[in-house]
Amino acid sequence: MADISLTFPDGNSRSFPAGVTAAEVAASISNSLAKKAISATVNDTHWDLQWPIEEDAAIAIHTMKDDEQALELIRHDLAHIMARAVQELWPEVQVTIGPVIQNGWYYDFDRKEPFTPEDLGVIEAKMKEIINARDPVRTELWSRDDAILHYKKSHEPYKVELVEAIPEGEDIRMYWHGDWQDLCRGPHLQNTGQVPADAFKLMSVAGAYWRGDSDRPMLQRIYGVGFKNRNDLKDHLLFLEEAEKRDHRRLGREMNLFHFEEVAPGSVFWHPSGWRLFQTLISYMRRRQEAAGYVEVNSPDIMDKALWELSGHWQNYRENMFLAETQDDRDYALKPMNCPGHMMIYNQGIKSYRDLPLKIAEFGKVHRYEPSGALHGLLRVRSFTQDDAHIYCTPEQLTEECLKVNELILSIYSDFGFDDVHVKLSTRPENRIGSDESWDRSEEALRTALDQAEMNYTIFEGEGAFYGPKLEYVLRDAIGRDWQCGTLQVDYNLPERFQTTYVAANGEKKAPVMLHRALFGSLERFTGILIEQHAGRLPFWLAPRQVVVASIVSDADDFVYEVVESLKAKGISAEADTRNEKINYKVREHSLAKVPVILAIGGREVENRTVTVRRLGEKQTQTVGLDEIVTQLAEEATPPDLRRAT
RNA sequence: GCUGCUGUAGCUCAGAGGUAGAGCACUCCCUUGGUAAGGGAGAGGUCGAGAGUUCAAUUCUCUCCAGCAGCACCA
């Protein structure tokens, strides 16, 4: 048998007989490594210790100390162990797929009766039994035909379908955890006992469509989390508890920012404090856009169906539009987007190449009948305010304009403390309008802009809008769910549909290219994310309630009102609290409401015209003069863009 | 929209086939208190909506509505 040469991470090479397993390689190094080894990396592939190595390769042996590989194996084995436990408890259950995900895994089952929360405990107990049995894990390569035959014989249609999806001629890997068999790419640990028995937990059951297709049967998905040790599990559960306290729906109620009602599912009732925050965001954006050369407009909320047919929305999104019933014979729809309105504004009068790029912005409220199951607090609503804009430019200006939007978004996000933004590039979908040639140009423009800005991004094939590809700027909520906020989309199609033109330098009429862009995206969503990001403790300039001035004795009330007026005169939100309560009570209440600054006033303060400042989260207080605190807070209340300007 | 779970006072929750309870919040009274709950009294509910079973339903059954988790969707 021919020898192969394996190169270790330290750069040394040794020769082994071809077909040597990673386990044998580990054993050749030392007994202790043989015992501790859990897997290997062979030429960038995560490698099972049992798999043979046939060619020269770079190899690294992993132990439980290598977090990435250890967690991957633990979670993957837990998925199998859970599936085995479920089948041992309910032999009629069909197993399907069970991948590793962030913090754990899931496995999808086909079973008539729903799994109950109590079942999860039963399954967990069975899993522990399997782990404690230390059953060996074994693997074999089967031919595709053998695998299909096997699953047909055992009446497992889901597995048959999975194997059939694998290209012909390719071998299929099978794994056994004890006697329990599953089709699996691997790698796995060497026996079930290597999985920590006290560091996993089954979290929830939910429906999930087979192969992610809503036209196919719905399976039951059980989610679990798994770690290397009990402490890591505890930390994770603690994190989830903390995240629950940051949930914007909970904070919105606790801080009295907004609420929802059954009469308007998915639409926000903004309370005074929440609306103040909302308006602070709009004022900020208005300044940033004006500085970036945008003009602001306003277009109608309700327009004739004919317009939506022209734009293509009617054909693509009719089911998701709110329709308006009226006495006349016309069909109206509430606008789900601002772009058609902006096309009408652009088309008024003749535009010259000298007018381009023309940047039309609107804080438009759009309405979309979202599926009921999609609604989620402020993060997914049925009516929301976009900081929407459309940039009309020449093809030559396109890349430059994309770059500018990208730069503006990043600068703005950074003002709100979002410095780590994920960017997704979504390309042409199956259902689309326009020529392949215009799609080529559009996708190219976005890619070039990202590359020139040296951004990291992920490509999502086929996920673009029906009229053009898009960039999505994604922010995360408290428990790590992704939400699209900013977006930038290139569109050659709407200008054509609306016969939009400009007069070029040579006098010819040409179609401009159009960029759709939103920076916050949905103001509602951005507000929600912002609340979660800061756990309700918003920076002073954004805080919906900035200052409460609280009296310690009722003799101080008059001075309290004077202080409130001085603060209000500087545009600071200030409230008096002269209730018949002790200062302890007031401090507790306003601290829980996350008011950043409490100014306490007693006899001493009245006498000296001072205030005692208590900042949220700080125990110690500080007594300063009235003028001083007003100046100081006015400075702190200055938005970051205005601060840069001075 | 789909699967599962949930819906009782403003909030958090208890409760049982015989027409409801706690804590906090709210109102009033006493208290003028120095940095995370001072004391007392009071008011507050068509038990998500509708239908059915029953002598009797908020409790059991069904339908609808809304919310939660996930899936699908997200112009």
Side-chain angles (χ1 to χ4, degrees), chain A residues 106 108 113-117 203-223 247 249-250 253-254 256 259-266 308 311-321 335-340 366 368-377 379-382 386 426 429 431-433 463-468 470 472 479 481 483-484 487 489 491 494 516 521-522 525 550-557 580-592 598-605 612-614 616-621 623:
Chain A
Y106 67 76
D108 287 348
E113 302 73 33
F115 289 111
T116 64
M203 302 299 283
S204 60
V205 198
Y209 296 110
W210 168 235
R211 311 211 106 192
D213 183 343
S214 56
D215 291 332
R216 311 204 61 181
M218 181 160 268
L219 308 170
Q220 297 187 65
R221 175 172 296 178
I222 301 182
Y223 285 90
D247 190 310
R249 292 166 295 187
R250 174 183 174 141
R253 187 173 54 237
E254 288 175 359
N256 192 17
H259 83 278
F260 291 89
E261 297 267 356
E262 287 199 8
V263 291
W308 307 111
S311 68
H313 289 94
W314 191 261
Q315 296 84 321
N316 283 282
Y317 286 103
R318 187 195 178 326
E319 276 78 52
N320 300 304
M321 287 166 73
K335 66 174 172 187
M337 290 196 83
N338 300 301
C339 27
V366 295
R368 301 175 179 180
Y369 184 77
E370 302 284 9
S372 57
L375 302 180
H376 186 97
L379 304 187
R380 189 79 183 270
V381 289
R382 284 187 176 151
Q386 282 184 325
S426 299
N431 286 327
R432 59 177 184 264
I433 56 176
E463 304 272 305
F466 71 85
Y467 51 73
K470 62 177 177 180
E472 291 175 42
I479 63 169
R481 287 176 291 214
W483 298 91
Q484 176 199 312
T487 178
Q489 306 168 6
D491 185 358
L494 279 192
H516 305 244
S522 147
R525 176 177 291 177
S551 55
I552 296 168
V553 293
S554 51
D555 284 347
D557 288 359
N580 177 15
E581 296 292 351
K582 295 195 171 167
I583 192 65
N584 289 305
Y585 183 94
K586 296 180 182 179
V587 165
R588 175 182 151 83
E589 189 177 281
H590 299 125
S591 298
L592 287 174
I598 299 169
L599 302 181
I601 295 181
R604 295 199 291 274
E605 285 81 2
T612 297
V613 187
R614 182 183 166 122
L616 185 58
E618 286 176 21
K619 267 267 187 270
Q620 72 273 42
T621 59
T623 302

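First the proteins, then the strands, lettered A, B, ... as listed; each starts at 1.
Ring-plane geometry between A:Phe466 and A:His313 is classed as perpendicular, the angle between the planes exceeding 60 degrees on a 0 to 90 degree scale with a lower cut at 30.
At the heavy-atom level, A:Lys619 lies under 4.0 Å from the strands shown only through sugar-phosphate atoms. Nucleic acid contact for A:Gly603: base, since at least one base atom lies under 4.0 Å from a heavy atom of the residue. Among the atoms of the strands shown, none is found under 4.0 Å from any heavy atom of A:Arg318. Contact annotation for A:Leu219: no contact, since no heavy-atom pair falls under 4.0 Å across all strands. Among the protein residues, A:Tyr467 comes within range of the sugar-phosphate backbone only, with heavy atoms under 4.0 Å from sugar or phosphate atoms but none that close to a base. Nucleic acid contact for A:Asp213: none, since no nucleic acid atom lies under 4.0 Å from a heavy atom of the residue. Contact annotation for A:Gln489: backbone-only contact, meaning every heavy-atom pair under 4.0 Å involves sugar-phosphate atoms and none involves a base. A:Pro336 comes within 4.0 angstrom of a base, heavy atoms only. Across all strands, A:Asn316 comes closer than 4.0 Å to no nucleic acid atom at all (heavy-atom distances). Using a 4.0 Å heavy-atom distance criterion, A:Ala600 is classed as a base contact. Using a 4.0 Å heavy-atom cutoff across all strands shown, A:His376 reaches sugar-phosphate atoms only and no base atom. Contact annotation for A:Arg380: base contact, defined as any heavy-atom pair under 4.0 Å involving a base atom. A:Pro265 comes within 4.0 angstrom of the backbone, heavy atoms only, and of no base.
Place A:Ile479 and A:Met321 on RNA chain B by their nearest nucleotides, and A:Ile479 ends up nearer the 5' end. Mapped onto RNA chain B by nearest heavy atom, A:Arg221 and A:Tyr317 fall at different nucleotides, with A:Arg221 at the one closer to the 5' end.
If you check B:A66 for Watson-Crick or wobble pairing at under 3.5 angstrom, you find it paired to B:U6. Base pairing of B:G44 is not made with any nucleotide, judged by Watson-Crick or G-U wobble geometry with both donor-acceptor distances under 3.5 Å. Taking a pair to require two hydrogen-bonding distances under 3.5 Å in either a Watson-Crick or a G-U wobble arrangement, B:G23 pairs with B:C11. When Watson-Crick and G-U wobble pairs are counted only if both distances are under 3.5 Å, B:U59 pairs with no nucleotide at all.
The base of B:G1 has none of its N or O atoms less than 3.5 Å from a complementary donor or acceptor on the side chain of A:Tyr369. Side-chain to base pairing of A:Ser554 with B:U32: one donor and one acceptor N or O lie within less than 3.5 Å of each other. Below the 3.5 angstrom threshold, one finds a donor paired with an acceptor across the side chain of A:Thr612 and the base of B:G34. Judged by distance alone, with hydrogens and angles left aside, A:Glu605 brings a side-chain donor or acceptor within reach of the base of B:G34, the pair sitting under 3.5 Å. Remark: the A:Arg216 side chain and the B:A72 base include no donor-acceptor N/O pair separated by less than 3.5 Å.
Of the candidates B:G70, B:A36, B:G1, B:A36 carries the atom nearest the A:Ser591 side chain, counting heavy atoms from C-beta on. Minimum atom distance to the side chain of A:Met218 is reached by B:G70, of the listed B:A75, B:G70, B:U35. Here the side chain of A:Val587 is nearest to one of B:A69, B:A36, B:A37, namely B:A36. The A:Ala374 side chain lies nearest to B:C73 when the options are B:A37, B:C73, B:A36. Considering only side-chain atoms of A:Met337, the nucleotide from B:U35, B:A75, B:G70 that sits closest is B:A75.
One interatomic measurement links the two molecules: CZ of A:Arg481 to C1' of B:C73, which rounds to 16 Å at whole-angstrom precision. Note: CZ (A:Phe260) to P (B:C68) measures 8 Å, nearest angstrom. What separates OH of A:Tyr209 from C1' of B:A69 is a distance of 14 Å, to the nearest Å.
For the atom pair CG (A:Leu219) and CZ (A:Arg221), the distance works out to 8.5 Å, reported to the nearest 0.5 Å. Interatomic distance, A:Ile583 CD1 to A:Ile601 CD1, rounded to the nearest 0.5 Å: 9.5 Å.
For the P atoms, the distance from B:C2 to B:U58 is 28 Å, rounded to whole Å. Spacing of C1' atoms, B:C60 relative to B:G17, comes out at 8 Å, to the nearest Å.
Taking only side-chain nitrogens and oxygens, A:Tyr223 never comes nearer than 4.0 Å to OP1 or OP2 of B:G4.
A salt bridge does not link A:Arg211 with A:Asp213: every distance from a Lys NZ or Arg NE/NH1/NH2 to an Asp or Glu carboxylate oxygen is 4.0 Å or more.
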